[in-house]
Amino acid sequence: QVQLVESGGGLAQSGGSLRLACGVSQYSVDDYAIAWFRQAPGKEREGVACISSSGASVAYGGAVKGRFTISRGSAKNTASLQMNNLKPDDTAVYYCAAERLGGCRRRLPEDDFEHWGQGTQVTVSS
């Protein structure tokens, strides 16, 4: 079974940047749609970004569009989330998710993704 491990979380100042990585083991990242979700305290988990298994389709949540960029392959068998112009509202636990040969629907529903990582904390100070 594919295993996902997130890294790169931490503390950033408002307006700053962080880069999250999702390491994929057991199988090739190129066989999977990769998505990032986040959950802030007291809130429901929401979709942040997605890249399809083919790489031809990407989707972003409305709150991050224009600030975050999802990609794959910056390091072997990984997918990344570049987060720029961070805001305190971006504070959350960020989760990587994967679905074999999957696509990206605009609403980024959680149910589209079978495999999940443990999450990494991102905290943005004002």
Side-chain angles (χ1 to χ4, degrees):
Q1 180 167 326
V2 65
Q3 296 179 345
L4 309 175
V5 178
E6 303 95 337
S7 61
L11 178 65
Q13 291 187 334
S14 183
S17 298
L18 284 173
R19 187 178 183 90
L20 304 183
C22 176
V24 179
S25 62
Q26 305 299 325
Y27 295 93
S28 172
V29 68
D30 293 335
D31 291 337
Y32 287 82
I34 302 293
W36 289 92
F37 292 81
R38 68 185 184 185
Q39 188 166 21
K43 295 186 178 180
E44 293 187 354
R45 191 153 55 184
E46 65 172 338
V48 174
C50 174
I51 183 167
S52 64
S53 58
S54 68
S57 175
V58 294
Y60 294 95
V64 306
K65 194 173 295 185
R67 300 188 296 122
F68 291 11
T69 303
I70 189 171
S71 62
R72 68 171 84 234
S74 59
K76 185 177 179 181
N77 231 33
T78 63
S80 299
L81 183 69
Q82 178 66 41
M83 306 186 295
N84 296 330
N85 191 20
L86 284 163
K87 304 176 181 180
D89 285 348
D90 295 320
T91 296
V93 177
Y94 283 71
Y95 298 90
C96 175
E99 180 66 19
R100 179 171 169 77
L101 300 178
C104 296
R105 293 199 282 171
R106 183 178 298 179
R107 292 185 298 107
L108 299 176
E110 292 185 37
D111 291 347
D112 282 0
F113 297 90
E114 179 180 1
H115 308 285
W116 291 79
Q118 294 299 307
T120 185
Q121 176 71 45
V122 171
T123 302
V124 184
S125 62
S126 57

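Computed from a prediction, not measured in an experiment: that's the story for all the values here. Side chains included, hydrogens not; waters and symmetry mates left out as well; all remaining heavy atoms used.
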ask   = In Å, rounded to the nearest 0.5 Å, how long is the span from SG of Cys50 to CZ of Arg106?
value = 13.0 Å
ask   = Would you say the side-chain atoms of Gln3 pair up with the backbone N or O of Ser25, donor to acceptor, closer than 3.5 Å?
value = no
query = Considering all heavy atoms of both residues, which atom of Gly10 and which atom of Leu18 are nearest to each other, and what is their separation?
reply = O-CD1, 3.9 Å
Shortest non-hydrogen separation from Gly47 to Phe37 and the atoms involved = CA-CD2, 3.4 Å
message = Applying side chain to side chain contact (heavy atoms under 4.5 Å, CB included) to Glu6 and Leu20, what does each step give before you reach the verdict?
response = CA-CA 7 Å; Glu6 303 95 337; Leu20 304 183; over 6 Å; no
request  = For residues Val2 and Gln26, report the shortest heavy-atom separation together with the two atoms involved.
outcome  = CA-CB, 4.3 Å
request  = Measure the spacing between CG of Asn85 and OG of Ser14 and express it to the nearest 0.5 Å.
outcome  = 7.0 Å
ask   = Counting distance only, does the side-chain N/O of Asn84 pair as donor-acceptor with the main-chain N or O of Gly66 below 3.5 Å?
value = no
request  = Check each of Ser80, Cys104, Cys96 against Ile34 using the side-chain contact (heavy atoms from CB on, under 4.5 Å) test, and report the only one that passes.
outcome  = Cys96
ask   = Of all heavy-atom pairs between Ala49 and Leu81, which one has the smallest distance, and what is that distance?
value = CB-CD1, 4.0 Å
task = Return yes if some donor-acceptor pair links the side-chain N/O of Asn77 with the main-chain N/O of Val24 below 3.5 Å, else return no.
result = yes
query = Distance-only, no hydrogens or angles: does the Arg72 side chain make a donor-acceptor pair with backbone N or O of Ser52 under 3.5 Å?
reply = yes
Verdict with supporting geometry, Ser17 and Gln82, side chain to side chain contact (heavy atoms under 4.5 Å, CB included) = CA-CA 8 Å; Ser17 298; Gln82 178 66 41; 3.9 Å; yes
Sole residue of Thr69, Val48, Leu108 in side-chain contact (heavy atoms from CB on, under 4.5 Å) with Tyr60 = Thr69
message = Could you check whether atom CD of Gln13 has more than 12 heavy atoms from other residues, nucleotides or ligands sitting under 6.0 Å from it?
response = no
key: Arg38 and Val64, any side-chain heavy atoms less than 4.5 Å apart   = yes
request  = Would you confirm whether Glu99, through its side chain, and Glu114, through its main-chain N or O, come within 3.5 Å as a donor-acceptor pair?
outcome  = yes
task = Would you please classify the geometry between the Phe68 ring and the Tyr94 ring as parallel, tilted or perpendicular, with 30° and 60° separating the classes?
result = tilted
note = Residues Gly103 and Phe113: closest non-hydrogen pair is O-CZ, 4.3 Å
ask   = For the atom pair CG (Asp90) and CE (Met83), what is the distance rounded to the nearest 0.5 Å?
value = 7.5 Å
key: Closest non-hydrogen atom pair, Thr91 against Ala40   = O-CB, 3.5 Å
request  = Look at the rings of Trp116 and Tyr95 and say which category their plane angle falls in: under 30° parallel, 30 to 60° tilted, over 60° perpendicular.
outcome  = perpendicular
